[in-house]
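See below for the structure under consideration.
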Number of protein chains: 2
Amino acid sequence: VSYELYYWPSIQGRGEFVRLALEDAGADYVDVARKPGGVETMLKFMSRNPVFAPPFLKHGKLLVAHTAAILHYLGPRLKLAPKSESARLRLHQQQLTIADWLAEVHDTHHPIGNGLYYEEQRAESLRRAREFRKNRLAKFMNHFEALAGEPFSYVHLSLFQMIEGLRYAFPLTMKKMESKVPRLVALHGDTAKRKRLKIYLASPRRIAFNQQGIFRHYPELDA
Amino acid sequence: VSYELYYWPSIQGRGEFVRLALEDAGADYVDVARKPGGVETMLKFMSRNPVFAPPFLKHGKLLVAHTAAILHYLGPRLKLAPKSESARLRLHQQQLTIADWLAEVHDTHHPIGNGLYYEEQRAESLRRAREFRKNRLAKFMNHFEALAGEPFSYVHLSLFQMIEGLRYAFPLTMKKMESKVPRLVALHGDTAKRKRLKIYLASPRRIAFNQQGIFRHYPELDA
C-alpha cells in the first residue's frame, strides 16, 4: 500500500519534512493535495476525521497527523530510523525539538496570530525576530551541533531542511552564525549530496521557498 | 525501577501533565527537582546530556524528553493507553495537539520572547490574547469536544489540566464558552473525581497555579 501525504500544495511548510523522508527513501507515495482537486479532497477528509491540521499521512487504515509523529511512524519503515523503542524515542525527541524550533521560526513573522497578515503584525515581528536571532537561534543550533555526529536518520533530513530554510529567511544572520556550527553545516552539505535527495531537490516536486511558507525572507527581520 | 521526573519545582507547567499521569496511575516516582538540591541535580544532568528543556523522564537507562513523548512512553506502562501501535499513535497525535494548544496559551503572555518579562511585552500580549480568545481557543475546544467520548487515557488527564488552567487564566472567557463544549466539561468533572487523582489534587504535591507558570491570570488578557 502506498503512502498518502496530505499537505498544502503551494508551500514547503511542515509537509516538506515528510516529503524529504519519503523522497530520500524512494518510497511509493502520493502527494494528494497536489493532484487536481486534491485540496478539496484534503479539506473534505479533515471535516470528517479527527485531524487538527495538515500534514497528515494515510497508510492503509492508519491515519497519522503531526510531522514528528508521522516521521516516528515512517522512520523504521523507510529505514530512516532503527527499530528499537529506545532508539526511536531518542530520534522522536530530537524531531519534537525541531518542531518547536520551526514553530519559533514561524512566529518571527506571525507573533500575534495566524489569522492576520504579516503586514498587520509587522511591528511585533520586528521585536520577536530580534529575540529569535539574539537568543533562540544559537540555542537550537548549538543543541543540534552536539548531536550532528549521530548515524544518519530522518532527523538529519529535517536538520538539512532547517538550515536550508534559515539560509533563505535569515541570510545575514546565518552568514555570521554558521562558522560556530561546523558539524551542522557539514551535515547539511553531506545530506544535499545524497543520491535520491539530490534528484528530488532539482525536480519540480521540490516547491521553492516563498512568502506563504514558514520560512519567509523579510529583510527587516534579518537586520 | 521507579520513574524519575525532572521539572521545575515551583510551577505546574508542562511537567504537570506527566505528574497527573504518574499520580493517577499510582506509579512509583520521584519528582527529582523538588528534593533538596534537586534543581542543581537537574541542571547538572542537562549540561551533560542531550536534553533541550525540562520536563524529562529517566527510567532505568532510558531518557525521554518532551511531555508528549514522555506520555507516549508511559501510556501503556501506566495502563493509561492501549498497547497497539495504532491506538498509541492516535493518542499521541491528540497529545501533540494539546502541546500546541498549551504553547499558544503560553504565548498569550509571552508573544515576543521567553527572555523578557510579561511587563516588557504587555502591549503585544493584549493583541495576541485577543486573537487567542476570539479564534484559537474555540478551535481547540471544538476539536476535543468531538473526541471527548473516547475510552479513558492520559489524554483525558491532559484535557482535565487544560480546562483547569484555562479556568484559572481566562475565567470570563471560559464562563462564556463552556456551555458550547458540554462533553469536555463533563470529562473534566469526571476526571476530577477519580480516586487517586482526587487525593493528589488535594495534597501538597499539587502546586497551585501561579504567575510564573504557563497558565497565568492577567485580567487584562481575559477582557
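Numbered from 1 within each chain, the chains take letters A, B, ... in sequence-line order.
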Counting only non-hydrogen atoms closer than 4.5 Å, does [X] touch chain A with its backbone (N, CA, C, O), its side chain (CB onward), both, or neither?
X: B:Phe140; result: both
X: B:Leu96; result: both
X: B:Ala69; result: both

If you round to the nearest 0.5 Å, how far is [atom2] of [Y] from [atom1] of [X]?
X: A:Asn142; Y: B:Phe52; atom1: CG; atom2: CZ; value: 9.5 Å
X: A:Ser86; Y: B:His59; atom1: OG; atom2: NE2; value: 13.0 Å
X: B:Ile70; Y: A:Leu89; atom1: CD1; atom2: CG; value: 10.0 Å

Using heavy-atom distances under 4.5 Å, tell me whether [X] contacts chain B through its side chain, its backbone, both, or neither.
X: A:His110; answer: backbone
X: A:Lys61; answer: neither
X: A:Ala65; answer: both

Using a cut-off of under 4.5 Å for heavy-atom pairs, which of [options] has the most such pairs with chain B?
options: A:His143, A:Glu131, A:His72, A:Arg136; result: A:His143
options: A:Glu120, A:Lys134, A:Gln94, A:Glu104; result: A:Glu120
options: A:Val64, A:Asp100, A:Leu62, A:Asn135; result: A:Val64

**Fill in**
For B:Gln121 and A:Arg127 the tightest heavy-atom approach is CA-NH1, 4.1 Å
**Message:** Can you give me the closest heavy-atom contact between B:Gln93 and A:Leu63, atom names plus distance?
**Reply:** NE2-O, 2.9 Å
**Item:** Greatest number of heavy atom pairs closer than 4.5 Å to chain A - which of B:Asn114, B:Thr108, B:Asp107, B:Leu116
**Value:** B:Leu116
**Request:** Indicate yes or no for a side-chain donor-acceptor contact from B:Arg128 to the backbone of A:Pro111 under 3.5 Å, with no hydrogens or angles considered.
**Result:** yes
**Request:** Look at atom CZ of B:Arg130 and say whether more than 12 heavy atoms of other residues, nucleotides or ligands are closer to it than 6.0 Å.
**Result:** no
**Message:** Using ring pair (Phe, Tyr, Trp, His ring centres under 6.0 Å), reason through A:His66 and B:His92 one step at a time and then give a plain yes or no.
**Reply:** CA-CA 9 Å; A:His66 284 281; B:His92 188 41; 8.2 Å; no
**Message:** A side-chain contact here means heavy atoms from C-beta on lying under 4.5 Å apart; do B:Arg90 and A:Pro50 qualify?
**Reply:** yes
